[in-house]
Amino acid sequence: MPYLRGLCNFCGTGCGHFLRVENNRVRGVYPLPGHPLSKGRLCVRGWHIHELLQTEERITQPQIKYGDRFKRVSLEEAISFVAEKLKSISGQEIAFLGSPRASNEDNYLFGKFARAVMKSNNLSLSSDAGQEESAITLLQGAGWPAMLGSMERLRQADFILVVGGDLTKQNPIIASEIHYAHRAGAELVTISARKTQMAKLSQIHLRPEPGTASRLLEAMAKVLVDEGRIAADFISRYTEGSEKFLKYLESLSLQEIAHLTGVEIELIRTVALKMAEAESAYAFYATGIQSLDHRTMAALFNLYLLAGKLGRPDCGINPVTGISNLLGSYDMGVSPAFLPGYFSVEDKAAWKRLEEHWQIKLNPIPGKSVSACLSDDSSCRVLFVVDHDEEIIRNVKKIKELDLVVYFGAYENAFARLANVIFPLTTYVESDGTYTNCERRVQLSQKKVEPPAESRPLWEILTLMAKALGHNWTYRSAEEVMTEINRVVPQYAGITYGKLRTGWGLKWPCDEQHPSGTDSLLAEEMSRRFCFILNQDEKLAFLPRLQEKDQYPLKLVVGRSNYFWHQNSIMKKTFIPKREYNALLLLYPKGFVEISEEEARRLGLREKQQVRVVSEAAEIKLAVRISPDILPGMLYIPYFIDEMIPEFLHRQVADLEKNEEFFLPVRLEKVE
Amino acid sequence: MYWLEKNQLEQLVKKLAKDYRIFGPRRDEVSGEVIFDWLENLSDLDLQASIPYNPPKFILFPHFEEILKYRYDHRSKKAVIERINLLEPKALVGIRACDLTGLLCLDRFFLGQEFVDEVYLEHRKKLFIISNTCVRPFPQCFCVCTDSGPGAKEGYDLDLTFTGEGYIVNCGSKKGQKLAEELGLKEAGPEASELRQKIIDDSISSFDRFALENKAWISRATNRLTTGFIKPEVWEYIGNQCFECGACSFVCPTCSCFNIEDVNSKTGDTYRVRTWDSCSFEGYTKMAGDHNPRKPVEDRRNKRFFCKLSYSQSKKYLRPGCVGCGRCARVCPGDIGLPNVVTYIRREITEG
Ligand code: SF4
Ligand code: SF4
Ligand code: SF4
């Protein structure tokens, strides 16, 4: 078989590729030159996706656990087994953990199964705090929950600001676009405590102390006011809430912020003015793990709004999703906060609308995220899990106590072992489905190889299960599910397989007004005004700078790496990316903590020396890795060394996952 | 030499298809971009299309290939080894001169050293090659600087040069000669050879007008690389921009790094697999030490360009390792394809 056109399914960039299929196996991959975003490039992960797609470590049989042993069963048997159990389960007693890697169609039906069949609103993804925060913040400020600008115009940009996590690692091809824009003349500024590769590619690197990026952005806004560089016309025409925000800025002192952040006033001024002067200005941040906190997102939004750099075709704030269909999962309402199409779960009319579409009575009492269901001492008895990515499984004890755990997955995974029933899924090249990248671009991935005999797409299993529970679900293809999404999710109204088959995807909103999709949010087309976001928590207003004489004088930050970011179980099924991971671990078999050259000198530490990292709650032994990339006063542990997470970071992991601004106060002790 | 009428091309390919699986350039229907691919549909062959995005390397040296299978028999304590016979005859129709030169470099790597690579040899033995002269260069090309085009000099069974009306056919082997005869092609006199040379000369002189993406002045950079007089800052600058994706190696017609893995299948057989690899990966070149975490990326970059351009490496391939196809520039997330690197090195030379 020849090279077949498709898309990479690892991260939220959604790069185009060709897959080489031979004898029903994927034997190679090659970048697709015409793709409007990736333009013929792939990152190290994308270049090895065929290694994952032909792994032997597949789940290929429905299984039911009796005692400690899994027994292979037929699909029908597994479905009626689960359906029988579900008959006596109420909506409060079940929780649904969706997958940001599953297609829109699968996610949509997963949500519908939860809400319509099981009357449960306990529906979430596993690692979505940053994405949810981002959607909420942008909805608040702009009424639009995702990327505001366009990637396709980026190369003409004059100014680009990247805040937080390292995009060269999380979304390399987005970072590459930023790099090309920079090479074409854009000023590139990075704000991050760590000297990331993104920072090395930038002209200016601002390194605020961990936890103070929001203050730095607020200071930049203050500079604009002080220098008379705010976009007064734009503000009066298109925004509301500016008076309050300006008043808040008045209360700030640049001196204090400079001291707090460790960034000089002059540098803050320079960057703020460059941004204001730029005709075309963009900002980027990562969502998902390693995202920003709400306050930093809000500060960034307010800054761009004040400068009038939103609502125009050549400007925008662009959140970047770390996992292939993270955005689409939210679009489909796999979230405790949103119904499909970002209607709030608090919105009564939205529930009514959904009841009409689905022709069924729903339970409008908002549910909880799965991790909340599992960590609270709640009434949860049953758990549905799709394709759990991580090796890190929290709440194992609670999961083992549940009456029923149902796992849907294509690949073998530690989570599956905790299940009572396992359903084998097709991979994204074994069935049709759409995936929405961080640009809001909905792309169709078409079936390229035949799945193992017993594997099914998720939508099909759910359809059978709904039928077994007496619901008249009739979906016969993913395309049919999409025609229902067209009606239920307004942003997707005009997205059809027909259009997707012959093009490069469509960026939502795609509807009657925008039949070929929408590039960026335009102020003239908005039905409301932009709002300055003013819900800063006063308690946060002054974060104390850590004092050296404190018991825990160092700030420990956790980051992600190229090969092992948050999907260890997937990357471990490849050869080359796995080897790269192992290469690093060979040098530091028990993991490492990065420390600056200065700090190492001050503490008298050598490379690879054993140290104890001590926090208030726990401690861990690690090897020192002296790095030129971090600030004195800071320590850095790459997130991928998951072995240390249960041991040491376990209690903090929920906070650590929330955002990159989070740090843990610790001290270092030599191991004698 | 022979003449091939435009409409005889189809005949030629059809005839070839009886004995060979046909590979050649085709356009992707959505992007219009050109890839070198197995032509399920022979009419997809497009000899007028621009240089394909991928080199034909994957046909002889696949991205992922099972090269043998074995099973350990516990009772007899013996491993039963089985060679995988994958190898049907293949024809490359319309390979460009740079890519053919690249293929000859691969030959030297896999066949011309102490150990002959038998898997590669199997692929290579059953190959029919038809090259296609570039009557006009493409934007990314610089084969004139690397002595690898725009016309093929050796290594083909048949060579085609488009005249506007038909093709001049050059035979480079007995196999090629035989096919030309069987097709009953019209013989051409010395005027055909002159015309071919003129077409190639015209193509060379049009590089200034058409090959605008790169101005790679390879020879001076080669000098510098070989003598090692390149400031570390230049490598650091280049290294900082490398995303370590491996693409430059994967798309290069002459890059031959590979990795071997043994994969246990559920049936109890173990497959030995060969995959593409890249010197840009840390794990590939891992050495003990790693005292300065900043250095390795630069060193790896440095190594690749050394491999493509230095004299000592050229001796191994009997030519520079770069054939001037420009692909590594197009796929590089860091914008440091070989032509750009050559530019940085030249800039350093001119700035002292
Ligand atoms: S950037 Fe993301 S989508 Fe693109 S190749 Fe890499 S992992 Fe795949
Ligand atoms: S080094 Fe680059 S330009 Fe030269 S042959 Fe390889 S891919 Fe082509
Ligand atoms: S293609 Fe570019 S970024 Fe990728 S490994 Fe090669 S030089 Fe580095």
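Letters go in sequence order (proteins before strands), and every chain restarts at 1. Because the structure is predicted, anything quoted here is derived from the model rather than measured. Note that these values count all heavy atoms, side chains included, but never hydrogens, waters or copies made by symmetry.
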Is A/V26 in contact with chain B via its backbone, its side chain, both, or neither, using a 4.5 Å heavy-atom distance?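 It is neither, since no heavy atom gets under 4.5 Å.
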
A/L42 versus chain B, heavy atoms under 4.5 Å apart: side chain, backbone, both or neither?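 For A/L42, the contact with chain B is made by the backbone alone.
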
Should [X] and [Y] count as an ion pair when the cut-off is N to O under 4.0 Å?
X	Y	value
A/R27	B/E66	yes
B/K266	A/E412	yes
A/R579	B/D277	yes

May I ask you to decide if A/P2's main-chain N or O and B/D37's side chain share a donor-acceptor pair within less than 3.5 Å?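 Side chain of B/D37 to backbone of A/P2, a donor-acceptor pair under 3.5 Å: no, none is there.
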
A/Q197 side chain to B/N240 backbone, donor-acceptor under 3.5 Å: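 Flag set: sc A/Q197 to bb B/N240 pair under 3.5 Å.
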
Taking the side chain as every heavy atom from C-beta outward, state whether [X] and [Y] have any pair of such atoms under 4.5 Å apart.
X	Y	answer
A/R183	B/Q241	yes
A/R5	B/E29	yes
B/V273	A/F575	yes
A/Y3	B/W38	no

Closest approach of [X] to [Y] (non-hydrogen atoms, all atoms of both residues):
X	Y	result
A/S176	B/P333	OG-O, 2.8 Å
A/A175	B/F243	CB-CE2, 3.8 Å
A/P31	B/V331	CG-CG1, 4.2 Å

So what's closer than 4.5 Å to chain A heavy atoms on [X]: side chain, backbone, both or neither?
X	result
B/D44	neither
B/Y271	neither
B/D335	both

Return the OG1 to NE2 distance between B/T275 and A/H50, rounded to the nearest 0.5 Å.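 If I round to the nearest 0.5 Å, the distance is 6.5 Å.
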
At what distance, to the nearest 0.5 angstrom, does CG of A/L32 lie from CG of B/D28?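 Here the interatomic distance stands at 6.0 Å.
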
Most contacts with chain B, counted as non-hydrogen pairs under 4.5 angstrom, among [options]:
options	result
A/R25, A/R501, A/H48, A/E177	A/H48
A/G28, A/G40, A/G46	A/G40
A/T502, A/I173, A/V29, A/T55	A/V29
A/F18, A/W47, A/W504	A/W47

Yes or no on side-chain contact (heavy atoms from CB on, under 4.5 Å) for B/N264 and A/E56, after CA distance, side-chain angles and deciding distance? CA-CA 8 Å; B/N264 299 322; A/E56 291 280 334; over 6 Å; no

Walk me through it: do A/R20 and B/F64 pass the test side-chain contact (heavy atoms from CB on, under 4.5 Å)? CA-CA 10 Å; A/R20 181 163 184 74; B/F64 181 106; over 6 Å; no

Applying a heavy-atom distance below 4.5 Å, give me the residues of residues 54-63 of chain B that approach chain A, sorted by number.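 Counting heavy atoms that sit under 4.5 Å from chain A, the residues of residues 54-63 of chain B involved are B/N54, B/P55, B/F58, B/H63.
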
Counting a contact as any heavy-atom pair under 4.5 Å apart, which residues of residues 247-256 of chain B contact chain A?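 Hits under 4.5 Å: B/A247, B/F250, B/V251.
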
